[in-house]
2 protein chains.
Amino acid sequence: MPAARQKLLNAALAVIRTKGYSATTVDDLCAAAGVAKGSFFHHFKSKEALAVAAADYWSEITGALFAAAPYHTHADPLDRVLGYIDFRKSLLAGKVPEFTCLVGTMVQEAFETCPPIRDACGASITGHAAKVEADLAAAMTRYGLRPDWTAESLALHTQAVLQGAFILAKATGSAAVAAASVDHLRRYIELLFKPTSLKKRGHT
Amino acid sequence: MPAARQKLLNAALAVIRTKGYSATTVDDLCAAAGVAKGSFFHHFKSKEALAVAAADYWSEITGALFAAAPYHTHADPLDRVLGYIDFRKSLLAGKVPEFTCLVGTMVQEAFETCPPIRDACGASITGHAAKVEADLAAAMTRYGLRPDWTAESLALHTQAVLQGAFILAKATGSAAVAAASVDHLRRYIELLFKPTSLKKRGHT
DNA sequence: TGACTTATACCGACTAGTCGGTCTATTTTC
DNA sequence: GAAAATAGACCGACTAGTCGGTATAAGTCA
(Lines give C-alpha, C1' and ligand atoms only; values in the text may rest on other atoms or scores of the structure.)
Protein backbone atom coordinates (compact mmCIF):
# COMPACT_ATOMS: atom_id res chain seq x y z
CA MET A 1 0.00 0.00 0.00
CA PRO A 2 1.41 3.44 -0.95
CA ALA A 3 2.69 5.45 1.95
CA ALA A 4 0.30 8.38 1.56
CA ARG A 5 -2.76 6.14 1.46
CA GLN A 6 -1.68 4.34 4.61
CA LYS A 7 -0.95 7.60 6.40
CA LEU A 8 -4.30 9.03 5.37
CA LEU A 9 -6.19 6.01 6.66
CA ASN A 10 -4.39 6.15 10.00
CA ALA A 11 -5.06 9.87 10.18
CA ALA A 12 -8.73 9.20 9.43
CA LEU A 13 -9.02 6.85 12.40
CA ALA A 14 -7.62 9.45 14.76
CA VAL A 15 -9.24 12.59 13.41
CA ILE A 16 -12.73 11.21 12.72
CA ARG A 17 -12.91 9.58 16.12
CA THR A 18 -12.06 12.94 17.66
CA LYS A 19 -14.13 15.36 15.58
CA GLY A 20 -16.68 13.16 13.86
CA TYR A 21 -16.96 12.57 10.14
CA SER A 22 -18.74 15.70 8.92
CA ALA A 23 -16.59 18.06 10.93
CA THR A 24 -13.44 16.44 9.60
CA THR A 25 -12.20 18.25 6.50
CA VAL A 26 -10.03 16.83 3.78
CA ASP A 27 -7.41 19.41 4.74
CA ASP A 28 -7.56 18.16 8.34
CA LEU A 29 -6.78 14.67 7.15
CA CYS A 30 -3.98 15.81 4.85
CA ALA A 31 -2.42 17.86 7.63
CA ALA A 32 -2.66 15.00 10.13
CA ALA A 33 -1.17 12.60 7.60
CA GLY A 34 1.51 15.05 6.48
CA VAL A 35 0.37 14.71 2.90
CA ALA A 36 -0.71 17.13 0.19
CA LYS A 37 -4.25 17.42 -1.03
CA GLY A 38 -3.38 16.08 -4.46
CA SER A 39 -2.32 12.79 -2.85
CA PHE A 40 -5.63 12.53 -1.09
CA PHE A 41 -7.63 12.65 -4.29
CA HIS A 42 -5.14 10.45 -6.07
CA HIS A 43 -5.91 7.63 -3.62
CA PHE A 44 -9.55 8.35 -2.85
CA LYS A 45 -12.00 9.65 -5.38
CA SER A 46 -13.94 11.56 -2.72
CA LYS A 47 -14.15 12.19 0.99
CA GLU A 48 -16.98 9.68 1.12
CA ALA A 49 -14.80 7.04 -0.55
CA LEU A 50 -12.17 7.61 2.12
CA ALA A 51 -14.78 7.07 4.81
CA VAL A 52 -15.77 3.74 3.29
CA ALA A 53 -12.11 2.74 3.00
CA ALA A 54 -11.53 3.83 6.60
CA ALA A 55 -14.41 1.66 7.80
CA ASP A 56 -12.96 -1.33 5.96
CA TYR A 57 -9.52 -0.51 7.31
CA TRP A 58 -11.02 -0.33 10.79
CA SER A 59 -12.45 -3.83 10.32
CA GLU A 60 -8.98 -5.06 9.34
CA ILE A 61 -7.18 -3.40 12.23
CA THR A 62 -9.65 -4.46 14.89
CA GLY A 63 -9.99 -7.91 13.35
CA ALA A 64 -6.24 -8.41 13.72
CA LEU A 65 -6.29 -7.00 17.26
CA PHE A 66 -8.98 -9.40 18.45
CA ALA A 67 -7.60 -12.34 16.52
CA ALA A 68 -4.29 -11.91 18.36
CA ALA A 69 -5.93 -11.49 21.78
CA PRO A 70 -5.23 -14.20 24.35
CA TYR A 71 -8.82 -15.17 25.21
CA HIS A 72 -9.09 -17.56 22.25
CA THR A 73 -6.97 -20.15 24.05
CA HIS A 74 -9.68 -21.05 26.57
CA ALA A 75 -11.14 -24.49 25.98
CA ASP A 76 -14.57 -23.54 27.34
CA PRO A 77 -16.37 -21.30 24.83
CA LEU A 78 -18.02 -19.42 27.69
CA ASP A 79 -14.57 -18.58 29.01
CA ARG A 80 -13.73 -17.26 25.57
CA VAL A 81 -16.79 -15.03 25.63
CA LEU A 82 -16.04 -13.77 29.13
CA GLY A 83 -12.40 -13.37 28.16
CA TYR A 84 -13.50 -11.32 25.18
CA ILE A 85 -15.52 -9.05 27.45
CA ASP A 86 -12.62 -8.69 29.88
CA PHE A 87 -10.40 -7.84 26.93
CA ARG A 88 -12.85 -5.20 25.75
CA LYS A 89 -12.88 -3.73 29.23
CA SER A 90 -9.09 -3.64 29.33
CA LEU A 91 -9.11 -1.53 26.18
CA LEU A 92 -11.05 1.25 27.93
CA ALA A 93 -7.93 3.20 28.80
CA GLY A 94 -6.37 6.45 27.71
CA LYS A 95 -8.23 9.33 26.16
CA VAL A 96 -11.77 8.87 24.90
CA PRO A 97 -11.01 9.17 21.17
CA GLU A 98 -8.37 6.47 21.57
CA PHE A 99 -10.68 3.72 22.74
CA THR A 100 -13.96 4.55 21.06
CA CYS A 101 -15.24 3.02 17.85
CA LEU A 102 -14.75 4.62 14.45
CA VAL A 103 -17.68 2.95 12.74
CA GLY A 104 -20.06 3.54 15.64
CA THR A 105 -19.24 7.21 15.40
CA MET A 106 -19.51 7.42 11.64
CA VAL A 107 -22.73 5.48 11.26
CA GLN A 108 -24.53 8.00 13.46
CA GLU A 109 -23.79 10.73 10.98
CA ALA A 110 -24.09 8.75 7.77
CA PHE A 111 -26.91 6.25 8.31
CA GLU A 112 -29.52 8.34 6.55
CA THR A 113 -27.50 10.51 4.23
CA CYS A 114 -24.86 8.15 2.90
CA PRO A 115 -25.73 4.48 2.33
CA PRO A 116 -22.22 3.36 1.30
CA ILE A 117 -20.75 4.55 4.60
CA ARG A 118 -23.65 3.15 6.57
CA ASP A 119 -23.24 -0.25 4.92
CA ALA A 120 -19.50 -0.33 5.51
CA CYS A 121 -20.04 0.54 9.17
CA GLY A 122 -22.86 -1.96 9.50
CA ALA A 123 -20.71 -4.69 7.97
CA SER A 124 -17.90 -3.87 10.40
CA ILE A 125 -20.17 -4.18 13.43
CA THR A 126 -22.10 -7.25 12.34
CA GLY A 127 -18.92 -8.95 11.13
CA HIS A 128 -17.33 -8.46 14.52
CA ALA A 129 -20.49 -9.60 16.29
CA ALA A 130 -20.50 -12.78 14.22
CA LYS A 131 -17.18 -13.82 15.77
CA VAL A 132 -18.62 -13.37 19.25
CA GLU A 133 -21.72 -15.23 18.15
CA ALA A 134 -19.69 -18.30 17.24
CA ASP A 135 -18.35 -18.67 20.77
CA LEU A 136 -21.74 -17.86 22.25
CA ALA A 137 -23.43 -20.55 20.17
CA ALA A 138 -20.78 -23.07 21.21
CA ALA A 139 -21.29 -22.09 24.83
CA MET A 140 -25.05 -22.52 24.53
CA THR A 141 -24.49 -26.05 23.28
CA ARG A 142 -21.88 -26.84 25.92
CA TYR A 143 -24.07 -25.58 28.75
CA GLY A 144 -27.24 -27.11 27.37
CA LEU A 145 -29.12 -23.85 27.07
CA ARG A 146 -32.40 -23.74 25.18
CA PRO A 147 -33.29 -20.11 25.68
CA ASP A 148 -35.90 -17.91 24.03
CA TRP A 149 -33.12 -15.69 22.71
CA THR A 150 -30.56 -16.41 20.00
CA ALA A 151 -26.78 -16.34 20.02
CA GLU A 152 -27.00 -13.73 17.29
CA SER A 153 -29.16 -11.37 19.34
CA LEU A 154 -26.91 -11.75 22.38
CA ALA A 155 -23.80 -11.13 20.27
CA LEU A 156 -25.38 -7.96 18.90
CA HIS A 157 -26.35 -7.01 22.43
CA THR A 158 -22.70 -7.13 23.47
CA GLN A 159 -21.96 -4.65 20.70
CA ALA A 160 -24.87 -2.46 21.75
CA VAL A 161 -23.55 -2.30 25.30
CA LEU A 162 -20.07 -1.40 24.09
CA GLN A 163 -21.31 1.25 21.68
CA GLY A 164 -23.56 2.67 24.37
CA ALA A 165 -20.69 2.62 26.85
CA PHE A 166 -18.68 4.72 24.42
CA ILE A 167 -21.46 7.29 24.30
CA LEU A 168 -21.59 7.42 28.08
CA ALA A 169 -17.84 7.90 28.15
CA LYS A 170 -18.12 10.74 25.67
CA ALA A 171 -20.95 12.37 27.58
CA THR A 172 -19.31 12.09 31.00
CA GLY A 173 -15.67 12.21 29.96
CA SER A 174 -15.09 9.12 32.05
CA ALA A 175 -13.92 5.71 30.93
CA ALA A 176 -14.96 4.34 34.32
CA VAL A 177 -18.65 4.72 33.48
CA ALA A 178 -18.10 2.69 30.33
CA ALA A 179 -16.22 0.02 32.29
CA ALA A 180 -19.09 -0.26 34.77
CA SER A 181 -21.48 -0.93 31.92
CA VAL A 182 -19.20 -3.63 30.56
CA ASP A 183 -19.20 -5.15 34.06
CA HIS A 184 -22.99 -5.33 33.89
CA LEU A 185 -22.74 -7.05 30.52
CA ARG A 186 -20.35 -9.63 31.94
CA ARG A 187 -22.64 -10.23 34.90
CA TYR A 188 -25.60 -10.73 32.57
CA ILE A 189 -23.82 -13.38 30.56
CA GLU A 190 -22.66 -15.16 33.68
CA LEU A 191 -26.24 -15.15 34.96
CA LEU A 192 -27.51 -16.53 31.68
CA PHE A 193 -25.02 -19.38 31.58
CA LYS A 194 -24.39 -20.06 35.27
CA PRO A 195 -27.50 -18.77 37.03
CA THR A 196 -26.54 -20.15 40.44
CA SER A 197 -22.90 -19.18 40.57
CA LEU A 198 -23.53 -15.50 41.03
CA LYS A 199 -26.75 -15.63 42.97
CA LYS A 200 -25.04 -15.91 46.30
CA ARG A 201 -22.63 -13.13 45.45
CA GLY A 202 -25.13 -10.56 44.29
CA HIS A 203 -28.23 -11.49 46.25
CA THR A 204 -28.77 -11.88 49.94
CA MET B 1 -41.83 31.42 23.64
CA PRO B 2 -41.75 33.23 20.29
CA ALA B 3 -43.04 31.22 17.37
CA ALA B 4 -39.83 31.23 15.33
CA ARG B 5 -37.73 30.01 18.23
CA GLN B 6 -40.11 27.16 18.92
CA LYS B 7 -40.22 26.17 15.26
CA LEU B 8 -36.42 26.23 15.06
CA LEU B 9 -36.05 23.98 18.09
CA ASN B 10 -38.54 21.48 16.71
CA ALA B 11 -36.77 21.59 13.36
CA ALA B 12 -33.47 20.99 15.13
CA LEU B 13 -34.76 17.79 16.72
CA ALA B 14 -35.82 16.40 13.38
CA VAL B 15 -32.96 17.56 11.19
CA ILE B 16 -30.07 16.89 13.56
CA ARG B 17 -31.35 13.40 14.35
CA THR B 18 -31.44 12.71 10.62
CA LYS B 19 -28.21 14.31 9.38
CA GLY B 20 -26.15 14.78 12.52
CA TYR B 21 -25.10 18.10 14.02
CA SER B 22 -22.14 19.08 11.84
CA ALA B 23 -23.86 18.22 8.59
CA THR B 24 -26.89 20.29 9.56
CA THR B 25 -26.58 23.82 8.24
CA VAL B 26 -28.26 26.89 9.63
CA ASP B 27 -30.06 27.20 6.31
CA ASP B 28 -31.31 23.62 6.69
CA LEU B 29 -32.82 24.52 10.02
CA CYS B 30 -34.37 27.74 8.74
CA ALA B 31 -35.87 25.95 5.76
CA ALA B 32 -37.27 23.14 7.93
CA ALA B 33 -38.71 25.67 10.35
CA GLY B 34 -40.04 27.95 7.63
CA VAL B 35 -38.17 30.88 9.10
CA ALA B 36 -35.69 33.41 7.75
CA LYS B 37 -32.04 33.35 8.63
CA GLY B 38 -32.22 36.65 10.45
CA SER B 39 -34.69 35.12 12.87
CA PHE B 40 -32.30 32.30 13.62
CA PHE B 41 -29.57 34.65 14.78
CA HIS B 42 -32.08 36.83 16.54
CA HIS B 43 -32.96 33.94 18.84
CA PHE B 44 -29.63 32.09 18.99
CA LYS B 45 -26.31 33.83 18.99
CA SER B 46 -24.67 30.96 17.10
CA LYS B 47 -25.28 27.50 15.70
CA GLU B 48 -23.57 26.12 18.78
CA ALA B 49 -25.95 28.03 21.06
CA LEU B 50 -28.87 26.48 19.22
CA ALA B 51 -27.41 23.02 19.81
CA VAL B 52 -27.19 23.67 23.54
CA ALA B 53 -30.76 25.01 23.56
CA ALA B 54 -31.90 21.99 21.56
CA ALA B 55 -30.32 19.61 24.09
CA ASP B 56 -32.12 21.39 26.92
CA TYR B 57 -35.34 21.37 24.92
CA TRP B 58 -34.85 17.63 24.37
CA SER B 59 -34.56 17.13 28.12
CA GLU B 60 -37.84 19.00 28.57
CA ILE B 61 -39.72 17.13 25.86
CA THR B 62 -38.53 13.68 26.91
CA GLY B 63 -38.94 14.53 30.58
CA ALA B 64 -42.58 15.32 29.96
CA LEU B 65 -43.04 12.19 27.85
CA PHE B 66 -41.69 9.88 30.53
CA ALA B 67 -43.39 11.73 33.36
CA ALA B 68 -46.72 11.13 31.65
CA ALA B 69 -46.02 7.47 30.91
CA PRO B 70 -48.21 4.90 32.67
CA TYR B 71 -45.51 2.79 34.33
CA HIS B 72 -45.24 5.13 37.32
CA THR B 73 -48.49 3.78 38.78
CA HIS B 74 -47.00 0.41 39.76
CA ALA B 75 -46.63 0.00 43.51
CA ASP B 76 -43.59 -2.24 43.20
CA PRO B 77 -40.55 -0.17 42.17
CA LEU B 78 -39.20 -3.12 40.19
CA ASP B 79 -42.40 -3.11 38.17
CA ARG B 80 -41.83 0.56 37.51
CA VAL B 81 -38.34 -0.18 36.23
CA LEU B 82 -39.54 -3.03 34.04
CA GLY B 83 -42.45 -0.88 32.92
CA TYR B 84 -40.00 1.82 31.99
CA ILE B 85 -38.04 -0.64 29.87
CA ASP B 86 -41.19 -1.90 28.19
CA PHE B 87 -42.14 1.68 27.49
CA ARG B 88 -38.75 2.37 25.95
CA LYS B 89 -39.18 -0.69 23.78
CA SER B 90 -42.61 0.44 22.66
CA LEU B 91 -41.07 3.68 21.42
CA LEU B 92 -38.88 1.81 18.92
CA ALA B 93 -41.31 2.28 16.06
CA GLY B 94 -41.39 4.25 12.86
CA LYS B 95 -38.35 5.48 11.01
CA VAL B 96 -34.95 5.45 12.69
CA PRO B 97 -34.54 9.24 13.06
CA GLU B 98 -37.91 9.36 14.79
CA PHE B 99 -37.04 7.12 17.72
CA THR B 100 -33.33 7.75 18.20
CA CYS B 101 -31.82 10.12 20.72
CA LEU B 102 -30.84 13.68 19.88
CA VAL B 103 -28.26 14.09 22.62
CA GLY B 104 -26.70 10.69 22.05
CA THR B 105 -26.18 11.68 18.44
CA MET B 106 -24.87 15.15 19.20
CA VAL B 107 -22.46 14.17 21.95
CA GLN B 108 -20.62 11.87 19.57
CA GLU B 109 -19.75 14.81 17.39
CA ALA B 110 -19.24 17.44 20.06
CA PHE B 111 -17.64 15.68 23.03
CA GLU B 112 -14.14 16.76 22.16
CA THR B 113 -14.64 19.88 20.12
CA CYS B 114 -17.43 21.66 21.95
CA PRO B 115 -17.67 21.41 25.74
CA PRO B 116 -20.94 23.38 26.08
CA ILE B 117 -22.77 20.94 23.81
CA ARG B 118 -21.13 17.95 25.46
CA ASP B 119 -22.15 19.15 28.90
CA ALA B 120 -25.74 19.81 27.85
CA CYS B 121 -25.95 16.34 26.33
CA GLY B 122 -24.30 14.77 29.35
CA ALA B 123 -26.74 16.51 31.68
CA SER B 124 -29.65 15.27 29.61
CA ILE B 125 -28.51 11.66 29.79
CA THR B 126 -27.47 11.61 33.43
CA GLY B 127 -30.58 13.55 34.45
CA HIS B 128 -32.76 10.96 32.80
CA ALA B 129 -30.75 8.11 34.30
CA ALA B 130 -31.21 9.62 37.75
CA LYS B 131 -34.97 9.10 37.48
CA VAL B 132 -34.44 5.43 36.64
CA GLU B 133 -31.93 5.19 39.46
CA ALA B 134 -34.53 6.27 42.01
CA ASP B 135 -36.81 3.37 41.17
CA LEU B 136 -33.86 0.98 40.98
CA ALA B 137 -32.66 2.01 44.44
CA ALA B 138 -36.15 1.53 45.83
CA ALA B 139 -36.34 -1.89 44.22
CA MET B 140 -32.99 -2.90 45.68
CA THR B 141 -34.30 -2.04 49.13
CA ARG B 142 -37.62 -3.76 48.57
CA TYR B 143 -35.97 -6.95 47.30
CA GLY B 144 -33.23 -6.95 49.91
CA LEU B 145 -30.37 -6.78 47.45
CA ARG B 146 -26.85 -6.06 48.65
CA PRO B 147 -25.02 -6.30 45.37
CA ASP B 148 -21.51 -5.29 44.40
CA TRP B 149 -22.96 -2.84 41.89
CA THR B 150 -24.78 0.42 42.49
CA ALA B 151 -28.20 1.64 41.42
CA GLU B 152 -26.43 4.48 39.67
CA SER B 153 -24.26 2.20 37.56
CA LEU B 154 -27.23 0.04 36.61
CA ALA B 155 -29.29 3.11 35.69
CA LEU B 156 -26.46 4.31 33.48
CA HIS B 157 -26.22 0.83 32.01
CA THR B 158 -29.84 1.03 30.92
CA GLN B 159 -28.97 4.19 29.04
CA ALA B 160 -25.90 2.58 27.52
CA VAL B 161 -27.99 -0.29 26.20
CA LEU B 162 -30.54 2.10 24.72
CA GLN B 163 -27.91 4.31 23.11
CA GLY B 164 -26.12 1.26 21.76
CA ALA B 165 -29.40 -0.13 20.47
CA PHE B 166 -29.89 3.09 18.53
CA ILE B 167 -26.50 2.66 16.91
CA LEU B 168 -27.35 -0.90 15.93
CA ALA B 169 -30.63 0.32 14.47
CA LYS B 170 -28.79 2.93 12.46
CA ALA B 171 -26.19 0.45 11.26
CA THR B 172 -28.69 -2.23 10.29
CA GLY B 173 -31.68 -0.08 9.44
CA SER B 174 -33.76 -2.28 11.70
CA ALA B 175 -35.64 -1.32 14.84
CA ALA B 176 -36.04 -5.01 15.61
CA VAL B 177 -32.35 -5.37 16.42
CA ALA B 178 -32.66 -2.54 18.91
CA ALA B 179 -35.75 -4.12 20.44
CA ALA B 180 -33.91 -7.41 20.90
CA SER B 181 -31.19 -5.62 22.82
CA VAL B 182 -33.78 -3.99 25.06
CA ASP B 183 -35.19 -7.48 25.68
CA HIS B 184 -31.77 -8.57 26.90
CA LEU B 185 -31.66 -5.58 29.22
CA ARG B 186 -35.04 -6.50 30.67
CA ARG B 187 -33.94 -10.09 31.16
CA TYR B 188 -30.79 -8.93 32.94
CA ILE B 189 -32.74 -6.84 35.41
CA GLU B 190 -35.19 -9.65 36.05
CA LEU B 191 -32.28 -12.00 36.71
CA LEU B 192 -30.70 -9.53 39.09
CA PHE B 193 -33.85 -9.03 41.14
CA LYS B 194 -35.61 -12.37 40.74
CA PRO B 195 -32.84 -14.85 39.97
CA THR B 196 -35.03 -17.93 40.22
CA SER B 197 -38.06 -16.79 38.31
CA LEU B 198 -36.41 -16.92 34.92
CA LYS B 199 -33.97 -19.72 35.48
CA LYS B 200 -36.48 -22.39 34.55
CA ARG B 201 -37.52 -20.46 31.46
CA GLY B 202 -34.11 -19.81 29.97
CA HIS B 203 -32.13 -22.80 31.21
CA THR B 204 -32.81 -26.51 30.83
C1' DT C 1 -57.26 60.31 22.25
C1' DG C 2 -53.38 60.56 19.38
C1' DA C 3 -48.35 61.32 18.39
C1' DC C 4 -43.93 59.61 19.96
C1' DT C 5 -40.80 56.26 21.94
C1' DT C 6 -39.10 51.76 23.03
C1' DA C 7 -38.60 46.88 22.66
C1' DT C 8 -39.01 42.65 20.50
C1' DA C 9 -39.79 39.66 16.52
C1' DC C 10 -38.84 38.87 11.98
C1' DC C 11 -36.80 39.32 7.40
C1' DG C 12 -33.43 38.35 3.47
C1' DA C 13 -29.50 40.23 0.85
C1' DC C 14 -24.80 40.29 1.69
C1' DT C 15 -19.88 39.07 3.21
C1' DA C 16 -15.73 36.90 4.54
C1' DG C 17 -14.02 32.78 4.79
C1' DT C 18 -14.17 27.52 4.27
C1' DC C 19 -14.85 23.22 1.82
C1' DG C 20 -14.62 19.41 -1.46
C1' DG C 21 -12.71 18.74 -5.52
C1' DT C 22 -9.71 19.89 -9.99
C1' DC C 23 -5.65 20.91 -12.50
C1' DT C 24 -1.06 20.93 -13.87
C1' DA C 25 3.55 20.30 -12.57
C1' DT C 26 7.19 17.75 -10.28
C1' DT C 27 9.30 13.72 -8.09
C1' DT C 28 9.86 8.85 -7.30
C1' DT C 29 9.93 4.14 -8.70
C1' DC C 30 10.59 0.29 -11.57
C1' DG D 1 11.35 6.75 -19.78
C1' DA D 2 6.76 5.43 -18.62
C1' DA D 3 3.72 5.04 -14.89
C1' DA D 4 2.59 5.90 -10.37
C1' DA D 5 2.80 8.98 -6.52
C1' DT D 6 3.11 13.45 -4.60
C1' DA D 7 2.63 18.27 -4.53
C1' DG D 8 0.04 22.65 -3.80
C1' DA D 9 -2.14 26.51 -6.32
C1' DC D 10 -6.60 27.20 -7.70
C1' DC D 11 -11.84 27.20 -8.25
C1' DG D 12 -16.83 27.44 -7.60
C1' DA D 13 -20.20 26.26 -4.26
C1' DC D 14 -21.45 26.67 0.16
C1' DT D 15 -21.62 28.27 5.22
C1' DA D 16 -21.85 30.75 9.54
C1' DG D 17 -22.66 34.94 10.75
C1' DT D 18 -23.76 40.26 9.77
C1' DC D 19 -26.40 44.19 8.77
C1' DG D 20 -29.83 47.38 7.64
C1' DG D 21 -34.38 47.45 7.73
C1' DT D 22 -39.75 46.42 8.46
C1' DA D 23 -43.69 45.08 11.47
C1' DT D 24 -46.19 45.00 15.58
C1' DA D 25 -47.45 45.93 20.04
C1' DA D 26 -46.96 48.15 24.40
C1' DG D 27 -45.92 52.04 27.15
C1' DT D 28 -45.77 57.28 27.74
C1' DC D 29 -46.60 61.93 27.61
C1' DA D 30 -49.45 65.93 25.93
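Basis for what follows: all heavy atoms, side chains included, without hydrogens, waters or symmetry-related copies.
Looking at which nucleotide of DNA chain C each of Phe41(A) and Ala23(A) is closest to, the 5′-most match is held by Ala23(A). If you find the closest nucleotide of DNA chain C to Thr25(A) and to Gly38(B), the one lying nearer the 5' end belongs to Gly38(B).
Aromatic ring centroids of His128(A) and Tyr84(A) lie under 6.0 Å apart.
Comparing dG17(D), dG21(C), dC10(C) by their closest approach to the side chain of Ser46(B) singles out dG17(D). With dG8(D), dC10(C), dG12(C) as the candidates, the nucleotide lying closest to the side chain of Lys37(A) is dG8(D). In the set dA5(D), dA16(D), dA7(D), dA7(D) carries the atom at the smallest distance from any side-chain atom of Ser39(A). Closest to the Lys47(A) side chain, of the nucleotides dG21(C), dT6(D), dC10(C), is dG21(C). Considering only the side chain of Val35(B), dC11(C) comes nearest among dG21(C), dC10(C), dC11(C).
Atom P of nucleotide dC14(C) and atom CG of Asp27(B) are separated by 15 Å, given to the nearest angstrom. What separates CD of Gln6(A) from P of dA4(D) is a distance of 20 Å, to the nearest Å.
Here the side chains of Cys114(A) and Tyr21(A) are not in contact, with every heavy-atom distance at 4.5 Å or above.
A salt bridge between Arg142(A) and Asp135(A) is absent, with no side-chain N of the basic residue lying under 4.0 Å from a carboxylate O of the acidic one.
The shortest distance between the side-chain N/O atoms of His42(B) and the OP1/OP2 oxygens of dT18(D) is not below 4.0 Å. The phosphate of dA4(D) (OP1 or OP2) has no side-chain N or O of His43(A) nearer than 4.0 angstrom.
When heavy atoms are screened at a 4.0 angstrom cut-off, Thr24(A) is found touching the sugar-phosphate backbone but no base atom.
Remark: of the listed residues Asp28(B), Thr24(B), Thr25(B), Asp28(B) is the sole one forming a side chain to side chain donor-acceptor pair (under 3.5 Å) with Lys19(B).
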